[in-house]
Amino acid sequence: MIERTLVLLKPDAVQRALVGEIVSRFERTGFKVVALKLCYASKETAGQHYADDQAWLKSVGEKTKKSYEAKGISVKDDALTIGNRIRQQLMDFISMSPIVAVVLEGHDVIGKVRIMCGDTAPNKSAPGTIRGDFAFDSYGLADTSGRPIQNLIHASDSVESAKREIAIWFKESEIHPYQRVDEALLYRKM
Ligand code: CDP
Ligand code: MG
């Protein structure tokens, strides 16, 4: 199915001059850039993007708890409390310096881009993934530093979240459909 997904190259990606490298990976895979801009995220936009959504906040907290429990460290805060703390950190982090927002289009782009990003924690991300190749941050290092994990990139995780997130970052008039010359091959019918 042809889908669209939202990718954000977070402040760490822009500051480390990885924009070209990361966008290029998606282009070479066959995905089409249909919107792209360098921008500052306001606190308000950051808050919309990292929504005050109980299910997501819990899942974020659970990931942290699991990573500590795997090391035999028990965590007293519940998942929601941790999730809320991380949400505040993320809102500060994503609005601290420019980011690059991108809409990619292509066959099953949402799932494939997530695979290309790698695990949330770069220290657990496989080589060949964006987070695995260009970062090494971990839950532990991020927590002791009082900040969210610096993992370079955000990518939508479902059709619904892609739709919601694209509408936060782009007006319809900023999204530009066009034909790539290699589409004749990529989507060839026999
Ligand atoms: O980005 P991804 O979908 O892999 O992870 P998420 O669970 O949606 O969390 C969003 C972002 O929050 C992550 O990319 C991390 O930057 C940050 N995070 C964190 O700093 N610490 C956690 N325990 C979980 C998430
Ligand atoms: Mg996510």
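Counting begins at 1 with the first residue of the sequence. We use all heavy atoms of the structure for the numbers below, so side chains are in, but hydrogens, waters and symmetry mates are not. Predicted model only: the values in this text are computed from it and were never measured. Read the numbers this way: they start at 1 and go in the same order the structure lists the ligands and their atoms.
Inspection of the Ser67 and Thr64 side chains reveals no N or O donor paired with an N or O acceptor under 3.5 Å. Side chains of His154 and Glu165: a donor on one and an acceptor on the other come within 3.5 Å. Side-chain N/O atoms of Gln15 and Ser97 include a donor and acceptor closer than 3.5 Å.
At a 4.0 Å heavy-atom cut-off, the residues surrounding ligand 1 are Lys10, Trp56, Val60, Lys63, Thr64, Ile86, Leu90, Arg114, Thr120, Arg131, Tyr139, Pro148, Ile149, Asn151, listed by chain and number.
Between Tyr50 and Trp56, the angle of the ring planes stays under 30°, which puts this pair in the parallel group of the 30/60° scheme.
Ionic pairing of Arg147 and Asp137 is present here: one or more N-O contacts between side-chain nitrogen and carboxylate oxygen are shorter than 4.0 angstrom.
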Open item on the list: Determine whether Arg188 and Glu183 satisfy the following criterion, salt bridge (charged side-chain N to carboxylate O under 4.0 Å, His left out), listing intermediate values before the conclusion.
Closed with: CA-CA 8 Å; Arg188 183 161 59 129; Glu183 281 175 59; over 6 Å; no

